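Predicted model, so just to flag it, every value in this text is computed and none were measured.
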Amino acid sequence: MPSRTAAADKIKARLDALTALRSGGALNDVASNYTQLRAFGRAGRKVNAVRLRRTYVRHDVPRPVDRERNGLPRDEQPPAARLIAPRGVAGRLHLILLFAAHCQAAPGRQWPNRIPIEPDSTQRLSWMGLIGAHARHTPGGRRVASPRVNKSRQITEALKKLRDQHLLEFPNAGTSRPFQDFRLLCDSGASTDAAPIPYKVPRAEAPGIDVPVEFFTCGWVNLLTPSETVAYLMWLDVTQNPEHDEPYVTGIERAGHFGLGRDAYETHETLEAFGLIDVEPALLRHEDGKYTDYSAEGGSPICHRVTLTDGITRNAAEAIEPVLRQYAATGRWGRPLSSLSDLAASLGIRIPS
């Protein structure tokens with residue numbers, strides 16, 4: 001677990017990035033571009049959810065785990081977990097690519113990507129305008145890079161990482177424009193160098209997870225951390241494809257099926273603070289993950305019960321910023337009480353109007 005100072009530094013950096021994206025209008029621009037993407041997509045079909053193949057998030061058969069706290073080694077994780085990284089935008093970009101594919105291609109059909117990385121006179125949309133990444137001006141050194149150049153570099157580096165994970169391919173590799181018209185490969189992660197599998201938008205009957213379209217249009221895809229995003233996908237799967245009578249995941253399931261370690265699981269604190277999930281804590285479980293009077297004989301596993309909320313329909317920036325500021329001031333995650341009515345509601349008290 002990071003020290004208090006390290007955690008505070010991360011929160012400050014996250015707040016700075018969020019403030020820059022909001023004040024510069026980038027988040028509003030991206031939201032407008034998502035609206036255009038849906039509006040000028042395939043006629044007659046409005047996308048309400050982005051369907052991910054289940055194996056993108058979860059192994060059908062759990063892999064052996066040495067220590068559930070650590071999850072699986074990276075090369076044994078499902079594709080979504082493999083894309084978790086402290087730097088870069090590969091996981092975020094991949095989900096946005098899948099969103100675009102759903103907007104522009106019918107279920108069961110391939111998606112012909114014609115969106116350029118940078119805006120040009122022939123296209124109203126670009127990948128630069130579809131991702132809300134905070135790119136700074138880089139002074140000094142042999143070359144001075146502008147935010148625009150840095151953002152373009154972020155995207156091309158992410159595309160190369162997705163290629164390395166067999167999630168897309170470059171048909172124009174070796175030319176002067178190697179990234180032009182790149183092609184998605186199947187999100188199942190089953191492609192290889194010798195046998196690439198073209199991506200097709202999943203049909204409803206295919207085993208999968210439906211990500212609400214508000215995850216994109218309300219800005220969550222650009223503002224959650226990679227671990228928060230993959231954990232949210234896990235809770236979507238737990239809810240939509242239940243394995244138990246109650247909504248929980250055991251440590252062995254979380255590690256062996258989803259490939260996630262304890263750190264990713266603990267993002268339930270931030271996801272709850274942001275209002276995306278409600279958590280019913282395991283009564284006998286302490287914050288360090290240990291149990292009081294634990295017995296393996298009988299009964300349900302001692303795990304948090306997690307349910308999804310309709311918080312995904314809220315504007316992500318407006319939901320996240322006050323939570324981060326409260327954490328910066330108190331060192332604890334929680335939903336801010338912004339008014340007397342919020343406080344009363346938290347106590348179950350109804351204030352007459």
- Query: Roughly how far, to the nearest 0.5 Å, is CG of Leu184 from CD of Glu169?
  - Reply: 9.5 Å

- Message: Would you say His268 and Tyr232 are linked by a side-chain donor-acceptor pair, where the criterion is simply a distance under 3.5 Å?
- Response: no

- Item | Arg254/Glu266 salt bridge by N-O under 4.0 Å criterion | no

- Would you kindly say whether Thr270 and Glu228 are connected by a side-chain donor-acceptor distance under 3.5 Å? yes

- Message: Closer than 4.0 angstrom, basic N to acidic O: yes or no for Glu157 and Arg153?
- Response: no

- Item | Donor-acceptor contact present, side-chain Lys200 to main-chain Pro107, <3.5 Å | no

- Item | N-O pairing of Glu243 and Arg58 below 4.0 Å | yes

- Between Glu246 and Arg305, is the closest basic N to carboxylate O distance under 4.0 Å? yes

- Side-chain donor-acceptor pair under 3.5 Å between Arg82 and Gln165, yes or no? yes

- Which is it for Glu272 and His304 under the side-chain hydrogen bond (donor to acceptor under 3.5 Å, both in side chains) test, yes or no, and what are the steps along the way? CA-CA 12 Å; Glu272 183 180 33; His304 298 323; over 6 Å; no

- Exercise: do Asn222 and Tyr34 side chains pair donor with acceptor under 3.5 Å: yes

- Query: Do Pro78 and Val57 come within less than 4.5 Å of each other through their side chains, counting heavy atoms only?
  - Reply: no

